[in-house]
Amino acid sequence: MSIWEYANPRKFLQTSERVMPVLWVSSGLLMAVGLIWGFFFTPDDYRQGSTVKIIFLHVPAALMAINAWFMMLVASLIWVIRRHHVSALAAKAAAPVGIVMTLIALATGAIWGQPMWGTWWAWDPRLTSFLVLFLFYLGYIALWEAIDNPDTAADLTSILCLVGTVFAVLSRYAVNFWNQGLHQGASLSLDEKENVADAFSNPLYVCMIGFGLFFLAMVFYRTGTEIRARRIKALMARQRQEA
Amino acid sequence: MLPDLGKYSETVLSAYAASLLLLALLVVLTLWRGRRVRRDMDTLEQRMRRDG
Amino acid sequence: MIALLMRDLRLAVRAGGGFGLGLAFFLIVTVMVPFSVGPESDLLARIAPGVLWLGALLSCLLSLDRLLALDWEDGSLDLLATAPLPLEAAVSIKALAHWITTGLPLVLAAPALGVLLNLPLEGFKWVVISLLLGTPALSVIGTFGAALTVGLKRGGLLLSLLVMPLYVPTLIFGAEAARRGAMGMVVETPLLMLAGISAGVIALMPFASAAVLRINLR
Amino acid sequence: MIALLMRDLRLAVRAGGGFGLGLAFFLIVTVMVPFSVGPESDLLARIAPGVLWLGALLSCLLSLDRLLALDWEDGSLDLLATAPLPLEAAVSIKALAHWITTGLPLVLAAPALGVLLNLPLEGFKWVVISLLLGTPALSVIGTFGAALTVGLKRGGLLLSLLVMPLYVPTLIFGAEAARRGAMGMVVETPLLMLAGISAGVIALMPFASAAVLRINLR
Amino acid sequence: MSLNVSDLSIARGGLPVLEGISFELKPGQALILRGPNGVGKTTLLRSIAGLQPPLGGAVSGGEDQIAYAAHSDGLKSALTVTENLQFWASVFGTHNIEPALQAYNLTTLRDRPAGALSAGQKRRLGLSRMMVTGRPIWVMDEPTVSLDQASVALFAQVVRTHLEAGGSALIATHIDLGLDARVLDVGPYKAAPLDIDDFDGGFL
Amino acid sequence: MSLNVSDLSIARGGLPVLEGISFELKPGQALILRGPNGVGKTTLLRSIAGLQPPLGGAVSGGEDQIAYAAHSDGLKSALTVTENLQFWASVFGTHNIEPALQAYNLTTLRDRPAGALSAGQKRRLGLSRMMVTGRPIWVMDEPTVSLDQASVALFAQVVRTHLEAGGSALIATHIDLGLDARVLDVGPYKAAPLDIDDFDGGFL
Ligand code: HEM
Ligand SMILES: Nc1ncnc2c1ncn2[C@@H]1O[C@H](COP(=O)(O)OP(=O)(O)OP(=O)(O)O)[C@@H](O)[C@H]1O
Ligand SMILES: Nc1ncnc2c1ncn2[C@@H]1O[C@H](COP(=O)(O)OP(=O)(O)OP(=O)(O)O)[C@@H](O)[C@H]1O
Ligand SMILES: [Mg+2]
Ligand SMILES: [Mg+2]
C-alpha cells in the first residue's frame with residue numbers, strides 16, 4: 001500500500017475522520033499539561049523573574065511558525081511534482097495556522113521585551129526575520145484568496161512558496177548582517193546555571209510536542225474543510241453546466 | 001490559586017491571555033467554517049443525487 | 001444610493017476585491033523604513049509620526065486606481081451616468097466606500113505599527129486622531145484624481161502624480177499635528193486646520209469630480 | 001527579441017505610456033518626506049540614503065502593474081505565447097525594458113534628489129552605485145510578481161504585497177551600502193552581496209516568471 | 001413619448017463623423033441603424049443617450065426615458081448574476097428582476113459569478129439589464145455580439161414584447177434580427193470632409 | 001502538414017466541457033466550429049493553440065504551425081496600424097506587411113493610432129495579423145465580431161486565398177461566412193456529467 005493512496009480526497013477524509021479524535025485529545029492534553037506545569041509549577045528565573053513563564057508559549061509558537069512554512073514548502077513541492085490535490089489543499093490549510101503561530105510568537109515576544117529590554121520592539125535580526133516571515137504568510141494567503149480558479153491558485157501559490165523560501169533565507173542573512181541582536185541565543189539554556197535550565201526544559205518540551213500535535217490536528221481538520229469546499233465548488237460548477 | 005508572579009504579573013498574564021485568545025480564535029473559526037462547509041456539502045450532494 | 005454603497009463594499013470584500021490590501025501595504029512600507037534608514041531606535045522614534053502619515057497616504061493613494069477605473073473599464077460608469085442618480089452623489093458614495101474599506105482600517109492599524117517604530121507613548125493618541133480627521137479628505141481628493149485619470153489604462157502612476165500635490169496641505173497639517181502630539185506640544189492649530197480642510201473638501205470636491213467624470217465620459 | 005524591446009520602449013515613451021511617471025513619483029515621495037518628518041536638516045541628512053532607496057523601490061514597484069497586465073488585457077500575451085519566442089526570453093526582455101524606462105532614470109535622478117535631502121557629499125557616489133547595482137534586481141523580481149498577478153484586475157496592491165517581501169534582501173544590502181558610503185565607512189561587503197543578488201536573480205528568476213505566466217495563460 | 005432627433009451632427013475625437021441625421025422614434029416602433037464599420041454608429045448612440053454633446057442639431061424627448069446598452073455590459077465579475085441585475089434594478093428604482101432573468105434564460109445561472117460566464121452568457125446578462133431599468137426607450141449598440149442564434153432569437157422576442165408594451169428601441173447592428181422595423185443606413189450621412197483652409201475656432 | 005485532433009477532452013475552470021473530439025484538418029481545408037454559447041469553443045481553440053493543456057487526447061501536427069486569433073486582438077492603442085502589424089511580423093520573423101494591409105483595406109488608416117479606430121476597424125487590423133505570421137494553420141475565435149458585411153466578405157476572401165495557397169483554417173463562428181468548408185457542431189460532444197459519487201483526485 002502506497003502512501004500516495006491518502007492523496008485521494010475521499011480516502012483522506014475517511015482516514016482523517018479516524019485520526020482526528022486522537023489528535024484533538026492528545027494535543028489538548030499535552031498543551032494543557034505543559035502550560036499548566038509551566039505556569040504554576042516552575043520557579044522564577046533569578047534574572048527574568050516570573051516573565052520566564054512566557055517561554056512556554058513563545059518558543060513552541062516560534063518553532064511551529066517556522067515548521068508550518070516548511071510543511072507548506074514540502075506540500076507545495078508534492079503538488080508541483082505529483083499533482084495531488086490534497087497536498088495543495090494541505091498547504092492552503094496550514095498557512096492560517098502558521099500565521100497565527102507567528103502572531104503568537106510576535107505578541108508574546110513583544111510583551112516579554114517590554115520588561116526585559118525596556119521596549120516592545122527592537123529591530124533585532126531574529127525578530128525582524130520573523131516579521132518578514134509574517135509578510136510572506138500574508139502574501140501567500142492573499143494570493144490564494146485572490147485567484148478564482150483553484151488549480152491555478154494551487155500552482156501559483158506553490159511557486160510563490162518555493163521562491164519565497166529562497167528569499168526568506170536570503171532575508172535572514174541580510175537582516176543578520178544589517179543589525180546585531182539583543183535576542184536570546186538559539187539554545188535552551190536561559191542563563192549560565194544549568195540546573196535552572198533543567199527546571200524549565202521539561203515543561204517546555206511538553207509544550208513543544210503539544211503545539212506540534214495541535215498544528216497537526218488543525219491542519220488535518222482544515223484540509224478536510226478545504227477538500228469539502230473544493231468539492232462544493234466543483235459540484236456547483238457542474239450543476240450549472242448541466243443546467 | 002494563581003502563583004505569585006511578582007512585579008511581572010501583568011506581563012505574564014497578558015502574554016498568556018493574548019496567546020490563548022489567538023489560539024481560541026483560530027480553533028473557533030476553523031471549527032465554524034468546517035461545520036458550515038460540511039453541512040453545505042452534504043445538502044448539495046443530497047440535492048444533486050435526488051435531482052439526478 | 002444605498003445600493004451603490006452596498007455594491008462597492010461587497011465588491012471590496014469579495015475575492016480579489018482588494019479589501020485589506022491597503023492595510024498590508026501600510027504594514028510593509030512601515031517595515032521597510034527601518035531597513036532603509038537603519039535600525040537605530042531614537043532615529044525611528046523621531047520620524048515615526050511622519051512615517052505613519054506618509055505610509056497611510058501612500059496606501060490610500062495606491063488603492064485609488066480601483067476606485068473608478070474598474071467601473072469605467074467594464075462600462076458600468078457609462079451606464080451609471082445614464083441612470084437616475086446624480087453623478088455627484090455617485091462619486092460621493094464611492095469616496096465613502098473607499099474610506100470605509102481603506103481609510104478606516106488604516107486608522108485602526110496605525111497604533112500597532114507605531115509600536116514597530118518606537119513611537120513615543122503620547123504620540124499614539126494624536127496619530128490616530130489626526131488620521132481619523134485626515135483620511136476622509138484623502139479619499140475625497142483621491143476620487144477627484146481617479147476621475148481625472150479614469151480613461152487611462154493602468155493610469156495608477158499618473159494618478160499618484162496628480163493627487164500627491166493635492167494631498168500636500170492635508171499631509172502637512174496632519175503630520176504636524178501627529179508630530180507635535182508625539183513631542184507633547186500643543187496640537188490645536190494644525191488639528192483645526194486639518195478638520196477645516198476635510199470639511200471643505202467633502203462639501204465641494206464631489207462637484208469637481210462629477211464634472212471631470214462627465215468630461216471623460218464624452 | 002529586439003522587436004519586443006523596441007515595442008516596449010516605444011510604448012513607454014508614447015502618450016500615456018508612463019515613461020517618466022516613475023521618476024515623477026520618486027520626486028514627489030522625496031519631496032513629501034520633509035513635509036512628514038519635519039524640516040530639520042541633520043535629521044534629513046541622516047535618513048537621506050534610506051529615503052532615496054525606499055523612494056526608488058516604491059516607484060519601481062508602482063510601475064510594475066503595467067509591465068505584463070497591459071499585454072494581458074489586450075490579448076497580446078496570448079498571442080506572444082503562441083509566437084516563436086520562448087516565454088523566458090519574452091519576460092527577460094520585458095524586465096529589461098522596464099529597467100531602461102524606470103530603473104535607469106531613477107538612478108540618474110537620485111543625485112538631484114539627494115541635494116533636496118542634504119545628502120552628505122560622499123554619499124552621492126555610493127547612492128548611485130548601489131542603485132545601479134540594485135535596480136536591475138528590482139525589475140526582474142518585479143516581473144515575477146507581475147506575472148503572478150497578471151490575471152487579476154487592478155491587482156496592483158496585491159502585487160506590492162507579494163513583491164515587497166522579495167525586495168527585502170536587495171533593499172537591505174543596497175540601503176546599507178549607500179548609508180555606509182554616506183558615513184564614509186567601508187562598503188565592500190554589502191555591495192558585493194547586492195551584486196550577487198542581482199546576478200543570481202537575473203539568471204534564475206525569468207524561469208520562474210515564465211512558468212507562472214504559462215500557468216496564468218492556461 | 002417619442003424620441004425626436006433633428007439635424008444632428010456628431011464628432012468623434014474632434015472630427016465630425018455624421019451630420020444631418022433626423023428621425024422620429026414613436027412608442028411601439030423600432031429603428032435599426034446600419035452602416036459600415038467606423039461610420040459613427042457608436043458615436044451617434046452615445047450622443048442620443050446624452051453621454052456626449054452633439055456638434056449641432058438636437059435630441060429631444062429622451063430625458064430620463066432612455067436606457068442605454070453599450071459595447072460593454074457593465075458587469076462585475078465578482079458579483080453573481082442576481083446581484084449584478086439587482087444592483088441595476090435598485091439604481092433605476094425597480095425591483096422585480098425575475099422577468100428579466102426568465103426572458104434571457106438566465107435562471108439556472110442565477111448564483112454564478114458573472115466572471116465565470118461565457119462571452120454569450122455575459123452578453124445575455126448585459127441585455128437583461130434593459131428590462132429592469134423600467135425605461136421606455138432602449139438604445140442598444142450591437143446587442144447581438146457573441147450571441148448564438150438561439151440567443152439572438154430570445155433577444156428579438158424580448159424587443160418585440162417591449163415594443164408591444166409601448167416601448168421603443170434604437171438598435172445599431174450588422175445582422176438581421178428578424179424584427180419588423182425601419183432601417184436607417186447612416187452611411188449617406190457621413191460628414192463631408194471640411195475644406196483644408198477652413199481653420200476655425202473649433203479646429204474642425 | 002495537417003492538424004490532427006484525436007479524442008480530445010478539454011476542461012475549463014476544472015470542469016470538463018467537451019470530450020471525444022476528433023478531426024483532421026488537411027492543407028487547403030477549412031473547418032467551421034459551431035455550437036451554442038458557452039459550450040466550449042473558445043476553450044477548444046485555446047487547447048489546440050497550445051495555450052492550455054488538454055484533459056485527455058492529443059493534438060498533433062500543430063507545433064509552430066498555428067497562428068491563433070483570440071477574442072481580443074492584442075493591439076496597442078498607442079501604436080499606429082503599421083507599427084502594430086510590423087511588430088507581429090518581426091516576432092514571427094516575416095517582413096512584408098503590405099499584402100495584409102491591402103487585403104483588409106487598411107492602407108488609408110496606416111498611420112492612425114490603433115486606439116482611434118472603430119470596433120470594426122480594430123478587428124480588421126487584428127485579423128490582418130494572421131497574414132503576417134507566415135504560419136499555415138489559422139485558428140480563429142469569432143473573427144467576424146463587429147465586422148460589417150463588406151468586411152466579412154473581405155475576410156472570407158482572405159481565408160479563401162489562404163486555403164488556395166495550401167493553408168488551412170479552423171474557425172469558431174456563429175454566422176455564415178460563405179466559405180466552402182466543413183462544419184463541426186461541437187454541441188454533441190458536450191462532456192457527460194460524471195457520477196455524483198465519483199469523487200476522485202481531480203474533483204472533476
Ligand atoms: C517580538 C519579539 C520576539 C520575537 C519575534 C521572537 C522570536 C523568537 C524566535 C523566532 C525564536 C526561535 C525559536 C527557536 O529557535 O526554536 C525565539 C526563541 C526565544 N526567545 Fe524570542 N522573540 C521575541 C522576543 C523575545 C524576548 C523579549 C525574549 C526574552 C527576553 C525572548 C526570549 C526567547 C527565548 C528564551 C527563546 C528560546 C531560545 C532558545 O531556543 O533557546 N524572545 N524567539
Ligand atoms: N478614440 C478615438 N479618437 C478619435 N477617433 C476615433 C476614436 N474612436 C473612434 N474613432 C473614429 O471615429 C469614427 C466613428 O467611430 P464609431 O466607433 O462611432 O464607429 P461605428 O460606426 O460604431 O463602427 P463599428 O461598426 O466598427 O463599431 C471612426 O472613423 C473611428 O475611426
Ligand atoms: N473563468 C471561468 N471559470 C469557470 N468557468 C468558465 C470560465 N469562463 C467560462 N467558463 C465556462 O466554460 C464554458 C466554456 O466557455 P467558452 O468560453 O469556451 O464557451 P464558448 O463556446 O466560447 O462560448 P461563446 O460562444 O459564448 O464565446 C462555459 O460554460 C462557461 O460558462
Ligand atoms: Mg461601434
Ligand atoms: Mg467564445
Side-chain angles (χ1 to χ4, degrees), chain A residues 92 96 99 102-103 106-114 117-150 152-153 156-157 167-168 170-183 229 233, chain C residues 10-48 51-52 55 59 62-63 66 70 74 101-102 105-106 109-124 127 182:
Chain A
K92 182 183 185 186
I99 205 171
T102 316
L103 267 178
L106 283 171
T108 51
I111 294 171
W112 202 350
Q114 176 57 21
W117 308 335
T119 171
W120 298 95
W121 181 264
W123 291 92
D124 162 280
R126 179 100 60 109
L127 314 201
T128 307
S129 42
F130 240 61
L131 198 58
V132 174
L133 180 66
F134 179 71
L135 296 181
F136 274 109
Y137 271 120
L138 269 188
Y140 180 87
I141 293 174
L143 191 61
W144 263 113
E145 292 305 318
I147 293 174
D148 202 37
N149 184 322
T152 308
L156 296 183
T157 49
F167 277 84
L170 268 180
S171 310
R172 180 70 233 244
Y173 284 110
V175 164
N176 245 342
F177 173 82
W178 167 73
N179 193 15
Q180 278 64 33
L182 292 163
H183 197 276
K233 218 173 169 173
Chain C
R10 196 179 278 154
L11 280 174
V13 297
R14 284 285 157 89
F19 178 72
L21 288 180
L23 211 53
F25 187 85
F26 190 25
L27 170 66
I28 300 192
V29 170
T30 318
V31 173
M32 292 225 149
V33 167
F35 289 151
S36 48
V37 305
E40 296 85 13
S41 57
D42 62 319
L43 179 65
L44 290 175
R46 265 180 83 189
I47 61 176
V51 169
L52 289 178
S59 332
L62 294 188
S63 48
R66 312 176 61 101
L70 284 179
D74 63 18
T101 54
T102 311
L106 291 179
L113 298 181
V115 171
L116 291 184
L117 295 176
N118 271 6
L119 183 68
L121 213 60
E122 321 82 83
F124 286 88
V127 166

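As the structure is a computational prediction, the values presented were derived from the model and not from experiment. Lettering follows sequence order; numbering is per chain, from 1. These numbers come from the heavy atoms of this one structure, side chains and all, not from hydrogens, waters or symmetry mates.
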Exercise. For A/Y140, what residues pass the side chain to side chain donor-acceptor pair (under 3.5 Å) criterion, not counting sequence neighbours?
Worked result: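 In terms of side chain to side chain donor-acceptor pair (under 3.5 Å), with neighbours along the sequence ignored, A/Y140 is linked to A/W144.
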For this session: Under the side-chain contact (heavy atoms from CB on, under 4.5 Å) rule, collect the residues that match up with A/L170, sequence neighbours excluded.
Result: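 So A/L170 forms a side-chain contact (heavy atoms from CB on, under 4.5 Å) with A/F167, D/P169.
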For this session: Output all residues satisfying side-chain contact (heavy atoms from CB on, under 4.5 Å) with A/S129, sequence neighbours left out; order by chain, then residue number.
Result: A/R172
Problem set entry | Close contacts, residues 36-48 of chain C versus chain A, judged by heavy atoms under 4.5 Å | C/G38, C/P39, C/L44
Exercise. Just by modelled atom types, is the C/L116 backbone N or O under 3.5 Å from a matching donor or acceptor in the A/W123 side chain?
Worked result: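 Present.
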Problem set entry | Residue A/Y173 excluded, over 12 heavy atoms near OH under 6.0 Å |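 Open: at most 12 neighbouring heavy atoms sit under 6.0 Å from OH of A/Y173.
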Problem set entry | C/L27 CG to A/L131 CG distance, which is reported to the nearest 0.5 Å | 6.5 Å
Problem set entry | Trace of the side chain to side chain contact (heavy atoms under 4.5 Å, CB included) decision for C/I28 with A/L138 | CA-CA 10 Å; C/I28 300 192; A/L138 269 188; over 6 Å; no
Exercise. Would you call A/S171 and C/F35 a side-chain contact if the rule is heavy atoms closer than 4.5 Å?
Worked result: no
For this session: Determine the minimum heavy-atom distance between C/V115 and A/W121, stating which atoms define it.
Result: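 Closest heavy-atom pair between C/V115 and A/W121: O-CB, 3.8 Å.
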